[in-house]
Amino acid sequence: MKSHEKTFMKSPWIYFLATFILTWGLCGILIFKDMSGSPVFSFGVLVLAMLSPGITGIIFTHLTKTDEEIRDYWQRTIDLTRLSFSWLVIVISLPFLLQILAGTIDGLTGGKGLSWADTATAFISEPATQLLSLFAISAVPFFEELGWRGYAQDLLQKKHSAITASLILGGIWSFWHLPASFIPSTYQAGLGIGTLEFWLHFIGIVFLSITISWIYINTNRSILIMVVFHATINLAGEIIKLSETGEIIYTLCWFSAAIAILFGFGKEMTLHPKTRQEVRFGHDKILSLIVIGFLSALAFAQPVSADTQALKSQFQMELDNIHLEYGFPGATAAYILPDGTVEVVATGLADKHHEIPMTPESRMLAASIGKTFVAATVLALVQEGHLSLDAPISKWLGERPWFRRLANHGTISLRHLLNHTSGLANHVENEKFVLDFADKWRFGKNPYSPEDLITFILDQPPLFFPGEGWSYSDTGYLLVGLIIEEVTGKSYYDEVEERFLKPLQLTLTTPANQTELPNLATGYLTTENKFRLPQQTTVQPGIMSWHPGLEWTGGGLVSNPRDLVIWGKALFDGQVIVGNYLRALLQSEPVNKNSAELRYGLAVAVRENDHFGTTYGHGGWIPGYCSSLRYYPHSGTAIAFQINTDIGIIDSSTPLIEEMEMRLAAVVMASISVK
């Protein structure tokens, strides 16, 4: 019986099954359970899942191998004499060279190119996290290679050629990564599901396996050099940031290397893994690999610039057509593609009286889109252990003299405020506030502190018990702002600037906390507006007639579609906060009990069955300005626009916003599908 079990265990497929059970089981915890409140634990679970190939490889080696084979296994893991200088140079330099090559080609063909500043910014802002990340990407390959090459490759080559074994192992290795696509904040999750980048990444792993296996065979089956090579690939990707197009070019470089190996060195890969002969790797062969990779990547990248220019022209034309049809003063619009390409266009006038044209740099009040920054700040503080989404807000605001006069004050949680299920009224809709603001806006200063605005809903009955209904409340977000400042000891705007605006280089986004706002387009509204505001928002270019500071954490930012699409993609790709935060962000409640197609998460509207699938985003209105931000997760794109009027929009007398969202998205999506 024992002999039979040992033979059974020697099958590589039993090893693969055990590895998958361990990895996918651990990943399942992160996929199906919200771990946003335990970032250290979730990171540990993810790392342990990635170590599974090595853990099972070590166990299976000791269970199925002879003492001599076990000694050989560990010798190949620690034997420095197998690390010849020439091979070390190749395995350390090649990933960096190909990364730089891909970024250079991307830049030369109109793409984003290399982004050294992204890495520097990340290290400066969070050095401890970045060092931990570098340790993880360096340590994980050690355990992966103990399993994939050190154990599985040799077993496969007992029944298959080296090439076939490499392809089988590459396919298994690629499929093993699949759960990462469903774990927010991982690289794979950022690619989306079923996108071009998704398929290239997973197919690329198969071809990368051929290159790795070839080096493994030609270095006397050294597990250690595989660890160095694998870690260097990960390290190069972490240090040298590429756009998504750059990543595709990088994958094609590895694809070309694999093809060159198959056709140029295929015979050398038929060597039995126990053979001690080392096949020399001449300089001419290195050069051929690099040349083939360069030409393949360049051939792929050449059309990108032309496609981008054509799309921008079509996007501009559609915006101009909408402007002509609806006759609004002006608008700006932007899109960001899966590869990070951003384009901004403008139409009409930023100021009708002074005949100032709208430009791609024109700014407008972003209104409630600013709530997405509020929610992101809260989630960052949750990840850091300073806040808890489901703790009662009395924990932070309970000592305020007005707190007990709030409806549902004892049962409201932070999550209830963020997803508008608190049951609190909205001061913006309060008749006393409307009349009061109509009298005070002329003062030129902000007439209200956040706590002044909260007083307008005190002593009012709850709309519903927390969590049992949905009603939009700007007042709830003012409470969130007070909580942020309570726990950080800093102003909300300082937190946003340090955490998001500076790292993402959102240079056109600033606090709307003063009347002088450079490059602000004039907004236009009707004389019958309920706040009795003037028909235009500015007294002269860039200076508002009323103080926008009263909005604060209900919105509170002046911005531009360029910044909004960069922010939207980064936020919904899981890139703006360290750790798994997307699950909490997107956990949503139906806006209407009779339909689940429109739901609201933490400052995000989740629309199902939209024209182009599920979308995430937010709209914004403040007198004189309307804005829209939508992210399309299936294609990895975001589109935003701002219009400098609310006439015909706030009263829903025209379908302008909905039609503009649909038509601009149609242009972008058609371009992506053609590609």
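Shown here are the side chain to side chain contact (heavy atoms under 4.5 Å, CB included) partners of Phe464, two or more places apart in sequence or in another chain: Ser471.
Side chains of Asp390 and Ser388: no donor on one and acceptor on the other come within 3.5 Å. In this model, no donor atom of one side chain and acceptor atom of the other lie less than 3.5 Å apart for Arg442 and Ser545.
Distance alone, capped at 3.5 Å, places no donor-acceptor pair between the Gln460 side chain and the Ala407 backbone. In this structure a side-chain-to-backbone donor-acceptor pair under 3.5 Å is present from Tyr493 to Gly556. Within the 3.5 Å criterion, the main-chain N or O of Pro360 finds no donor-acceptor partner in the side chain of Arg562. A distance-only check finds no donor-acceptor pair linking the side chain of Tyr631 to the backbone of Ala570 [under 3.5 Å]. With hydrogens and angles disregarded, no donor-acceptor distance shorter than 3.5 Å links the side chain of Tyr616 to the backbone of Val606. Not a single donor-acceptor pair under 3.5 Å links the side chain of Gln535 to the backbone N or O of Thr526. Looking at Asn430, its side chain does come within 3.5 Å of a backbone N or O of Phe456 through a donor-acceptor pair. Panel note: side chain Asn408, backbone Ser422; a donor-acceptor pair is recorded below 3.5 Å. Under a 3.5 Å cut-off, the side chain of Ser473 and the backbone N or O of Gly476 do form a donor-acceptor pair. Of the possible donor and acceptor atoms, one in the side chain of Asp646 sits under 3.5 Å from a partner among the backbone N and O of Gly624.
A salt bridge links Glu451 with Arg400; the closest basic N to acidic carboxylate O contact falls under 4.0 Å. Salt bridge Asp573/Lys569: present, at least one basic N to carboxylate O contact under 4.0 Å. Under a 4.0 Å N-O distance rule, the pair Asp436/Lys440 qualifies as a salt bridge.
Legend: ring-ring contact (aromatic ring centres under 6.0 Å, His included) pairs involving residues 403-432, not counting sequence neighbours, sorted by first then second residue: Phe403-His409, His420-Trp470, His420-Tyr472, His420-Tyr477, His420-Tyr600, His427-Phe433. Here salt bridge (charged side-chain N to carboxylate O under 4.0 Å, His left out) pairs that include residues 504-531, with residues two or more places apart or in two chains, are Glu429-Lys530. Applying the ring-ring contact (aromatic ring centres under 6.0 Å, His included) rule to pairs touching residues 507-540 yields Phe437-Phe531, sequence neighbours excluded. Residue pairs that meet the ring-ring contact (aromatic ring centres under 6.0 Å, His included) test with at least one member in residues 371-400, sequence neighbours left out, are Phe373-Trp567. Counting only residues at least two apart or on different chains, the salt bridge (charged side-chain N to carboxylate O under 4.0 Å, His left out) pairs with a member in residues 653-664 are Glu318-Arg663, Glu325-Arg663, Arg630-Glu661, Glu659-Arg663.
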Problem - side chain to side chain donor-acceptor pair (under 3.5 Å) between Gln642 and Ser627, intermediate numbers included - result: CA-CA 4 Å; Gln642 294 184 285; Ser627 302; 3.1 Å; yes

Exercise for the section: Step by step, work out the side chain to side chain donor-acceptor pair (under 3.5 Å) result for Asp494 and Ser491. Expected result: CA-CA 5 Å; Asp494 285 345; Ser491 79; 3.2 Å; yes

Exercise for the section: Give the intermediate values and the outcome of side chain to side chain contact (heavy atoms under 4.5 Å, CB included) for residues Val558 and Thr509. Expected result: CA-CA 6 Å; Val558 56; Thr509 303; over 6 Å; no

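Val496 approaches Thr377 most closely through the heavy-atom pair CG2-OG1, 3.8 Å. Minimum interatomic distance between Ala665 and Ile639 (heavy atoms only, all atoms of both residues): CA-CD1, 3.3 Å. Here the closest non-hydrogen pair linking Asn644 and Leu349 is ND2-O, 3.1 Å. Scanning all heavy atoms of the two residues, the minimum distance from Leu525 to Pro534 falls at CD2-O, 3.4 Å. Residues Met660 and Ala331 share a closest heavy-atom pair of CE-CB, 4.1 Å. Nearest heavy-atom pair across Lys371 and Gly554 is NZ-O, 2.6 Å.
Note: Tyr632 OH to Thr615 OG1 = 6.0 Å, rounded to the nearest 0.5 Å. The distance from the OG1 atom of Thr347 to the CZ atom of Phe328 is 6.5 Å, given to the nearest 0.5 Å. Put simply, CG on Asn560 and CG on Asn519 are 8.5 Å apart, with the number rounded to the nearest 0.5 Å. With values rounded to the nearest 0.5 angstrom, Glu486 atom CD is found 9.0 Å from Thr488 atom OG1. Atom CD1 of Ile454 is separated from atom CG of Leu479 by 4.5 Å, given to the nearest 0.5 angstrom. Of the inter-residue distances, the one linking Ile643 atom CD1 with Cys626 atom SG reads 6.5 Å to the nearest 0.5 angstrom.
With respect to Thr522, the side-chain hydrogen bond (donor to acceptor under 3.5 Å, both in side chains) criterion is satisfied by exactly one of Thr537, Thr538, Thr645: Thr538.
No more than 12 heavy atoms of other residues, nucleotides or ligands sit less than 6.0 Å from atom CZ of Arg404. The environment of NZ in Lys490 is crowded: more than 12 heavy-atom neighbours from other residues, nucleotides or ligands sit within 6.0 Å.
Side-chain contact between Thr637 and Tyr335: absent, with no pair of heavy atoms (C-beta onward) separated by less than 4.5 Å. The closest side-chain heavy-atom distance from Leu571 to Thr372 is below 4.5 Å. A 4.5 Å side-chain heavy-atom check between Ile577 and Gln383 finds at least one atom pair inside the cut-off. When side chains are defined from C-beta on, Ile484 counts as touching Val480, because their heavy atoms get closer than 4.5 Å. No side-chain heavy atom of Thr421 sits under 4.5 Å from any side-chain heavy atom of Glu468.
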